[in-house]
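Please read the structure below before turning to the comments.
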Amino acid sequence: MLDIQIFRDDPDRIRADFSKRGIDGSIIDEVLLLDDRWREVRFEVDQLRKSRNSAARMISEAKKKGDEGEVKSILGEVSNLGSKIESLEEEAERLISKRDSIRMQIPNLLHEAVPTGENDQKNVEISRHGESPIFNFEPKTHNELIEMNRWVDLPRAGKITGSRQYFLMGDLARLEMALQQYSADFLIDRGYTLVQPPLMMNRKAYEGVTDLSDFETVMYGIEPDGYYLIATSEHPLTAMMMDEVIEPANLPIKMVGVSPCFRREVGAHGMSDRGIWRVHQFTKVEQVIICKPEESWGYHTELLGNAKDLWDSLGLHYRVVDICTGDIGTVASRKYDLEAWLPGAGEFKEVVSCSNCTDYQANRLKMRYRKSGGNEAVHTLNSTAVATSRALVAIIEQYQTNNGAVIVPDVLIPWMRGKKILEPNQ
RNA sequence: GCAGACGUCGCAUAGCCUGGUAUUGCGCCGGAUUUGAAAUCCGGUGUCCCUUGGACUCGGGAGUUCGAAUCUCUCCGUCUGCGCCA
């Protein structure tokens, strides 16, 4: 959510962003209109309350003097104030909640360098890393390999739950746990605090961290308690300090979250999203930073650097992409993706997303840090380290061998108790 | 699930019974003093609208009242005990 002060002081800045994104800016004027009217009504209410307060004080004085006549006469003067105030308060409440429900739908201001474009086709490749593996055979897709090695059982998961569910079995399940442990340790070594968050959140906290439309398309609701299963540990980790004023000495807060992630994945997806590429549940190791505004772009680079170093250490070939205006979404001000090379599929596909959300989530969450001259919203950043299901796909496809076996990346071997090759499941 | 206690400004704490401007300490910010620092002293330190100024704020909401941190109801959370349980 954008600071209301930006609407008042510099609405053209928001309008400029809207035109970059190619969306209609008339709701900006609606916010301004509602804000003006709210402030008028608010002023009127304050004036009425002022006279009520002074009357209350005078009654107190008169009672101390024992002057009952005076008390009665003041009571007569202010008897209708209560209902007047009440109705104006209702009006003010209506105006500000309308104002803010619109404000909640307005996306974050973009970093000036975000490339302009309508959709993901216009994302800009920044760099490539690692080597594309060279095969003397036709590389298979991950879904062929997991099926022939019986590492994943999709039909039976479909039977007991539904589509896009899976049993992960045998050596691939071990590799999944190895990836979690290795990636978490990788970031712990860089000063990040390991956090295992609640896997459900209430509506209020969740609205603080995500686009409202995600409640329809992304999150699972839990009834009868009205909770939502988290779509990523970014959400509980970022919302953790909701409604708090953070002491500057405690910043930056650097965390590495590990959790299952739940996603409804509503909508049609292509055939290339078969196997375990796009599923309703996966584990993710996530980096989250809460920091002072002036430090956030530096930390954005740090998060991207961590992700690159981690993927380099796994020996995987990938590229970094600068996400354009049409693909960046509501919350981020700037976003980079890592896209891993999938030799079986013959394309680069998204495995990491690294965002600076500036003060957008912090404003929604009322998350500030102490600052002389007025507390200020913090900045929040997040980046995938590894989403295990997708990292497994990248490893399976890049480390596959002629006979369909998969070599374990060197750094994961200790976590596999020395095992160097994934064996087929019985 | 049952019973009880509790929730006050960043933290801690008083006020609640008996309704009438939210106390004090710590921390933080500014200033004085100092060669510098410590110590000490003074002032400030939540939110909103701002026009001198005003209004709001005691977990959230509602009620009673001229007036609610204080009384009533309700919801939420924390803690303790009992029960159940990996």
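Naming: A, B, ... by sequence-line order, numbering from 1 per chain.
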Euclidean distance for P, B/U45 against B/U23 (whole angstrom) = 11 Å
task = Hunt down the Watson-Crick or G-U wobble partner of B/U78, both distances under 3.5 Å, from any strand shown, or write none.
result = B/A5
ask   = For A/K284, which residues count as a salt bridge (Lys or Arg N to Asp or Glu O under 4.0 Å) partner, sequence neighbours excluded?
value = A/E286
note = Mate of B/C85 across any strand shown (Watson-Crick or G-U wobble, both atom pairs under 3.5 Å) is none
query = More 5' along RNA chain B: A/A55 or A/D35, using each one's nearest nucleotide?
reply = A/D35
request  = Find the partner of B/U35: check Watson-Crick (N1-N3 plus N6-O4 or O6-N4) and G-U wobble (N1-O2, O6-N3) distances, both under 3.5 Å, and reply none if neither fits.
outcome  = none
Complementary nucleotide of B/U18, counting Watson-Crick and G-U pairs under 3.5 Å = none
query = Closest to the A/E247 side chain: B/C48, B/C56, B/G10?
reply = B/G10
key: For B/U52, the Watson-Crick or wobble partner whose two distances fall under 3.5 Å   = none
query = Quick one: A/K292 NZ to B/C28 P, roughly how many Å, whole number?
reply = 14 Å
request  = Could you let me know what B/U72 is paired to, Watson-Crick or G-U wobble, both distances under 3.5 Å, or none if it's on its own?
outcome  = B/A62
Tabulate atom names and distances for all N/O pairs under 3.5 angstrom spanning the protein and nucleotides 50-54 of chain B.
unit_1: B/C50; atom_1: OP1; unit_2: A/R39; atom_2: NE; d: 2.9
unit_1: B/C50; atom_1: OP1; unit_2: A/R39; atom_2: NH1; d: 2.1
unit_1: B/C50; atom_1: OP2; unit_2: A/R39; atom_2: NH1; d: 3.0
unit_1: B/G54; atom_1: N2; unit_2: A/D46; atom_2: OD2; d: 3.3

ask   = Taking only residues two or more places apart in sequence or in another chain, which ones pass side chain to side chain contact (heavy atoms under 4.5 Å, CB included) with A/D100?
value = A/I96, A/R103
message = Output the rounded distance in Å from CZ (A/R49) to C1' (B/U21).
response = 16 Å
message = Please tell me whether A/N382 and A/T238 have a donor and an acceptor in their side chains that are separated by less than 3.5 angstrom.
response = no
task = Round to the nearest Å and state the distance from A/D243 atom CG to B/C11 atom P.
result = 12 Å
inquiry  = Nearest whole Å is fine: how far is B/C56 C1' from A/R52 CZ?
reply    = 11 Å
inquiry  = Distance check, P atoms only: B/G7 and B/U13, in whole angstrom units.
reply    = 10 Å
query = Given atom CD of A/E376 and atom C1' of B/G10, what is their separation to the nearest angstrom?
reply = 17 Å
B/G10 and B/G60, which share atom name P, separated by this distance in whole Å = 13 Å
ask   = Atom NZ of A/K366 to atom C1' of B/G60: distance rounded to whole Å?
value = 13 Å
request  = Determine whether A/D337 and A/N123 make a side-chain contact, defined as any pair of heavy atoms from C-beta on separated by less than 4.5 Å.
outcome  = no
key: Partner nucleotide, any strand, of B/A12 [Watson-Crick/G-U, under 3.5 Å]   = B/U24
message = Suppose we define a pair by two distances each less than 3.5 Å, Watson-Crick or G-U wobble; what does B/G30 pair with here?
response = B/C42
Pairwise C1' distance, B/A68 and B/U8 [rounded to whole Å] = 14 Å
message = By nearest heavy atom, map A/R368 and A/V245 onto RNA chain B; which one lands nearer the 5' end?
response = A/V245
inquiry  = Could you check whether A/Y166 and A/S389, counting side-chain N and O atoms only, form a donor-acceptor pair closer than 3.5 Å?
reply    = no
task = Mind calculating the distance between CD (A/E93) and C1' (B/G61) to the nearest angstrom?
result = 12 Å
key: Carboxylate-amine/guanidinium contact A/R39 A/D35, below 4.0 Å   = yes
query = Taking atom C1' of B/G46 as reference, at what distance in whole Å does atom CD of A/E244 sit?
reply = 15 Å
key: Exercise: do A/Y228 and A/R203 side chains pair donor with acceptor under 3.5 Å   = yes
task = Name the orientation class of the two ring planes belonging to A/H111 and A/W297 (parallel below 30°, tilted from 30 to 60°, perpendicular beyond 60°).
result = perpendicular
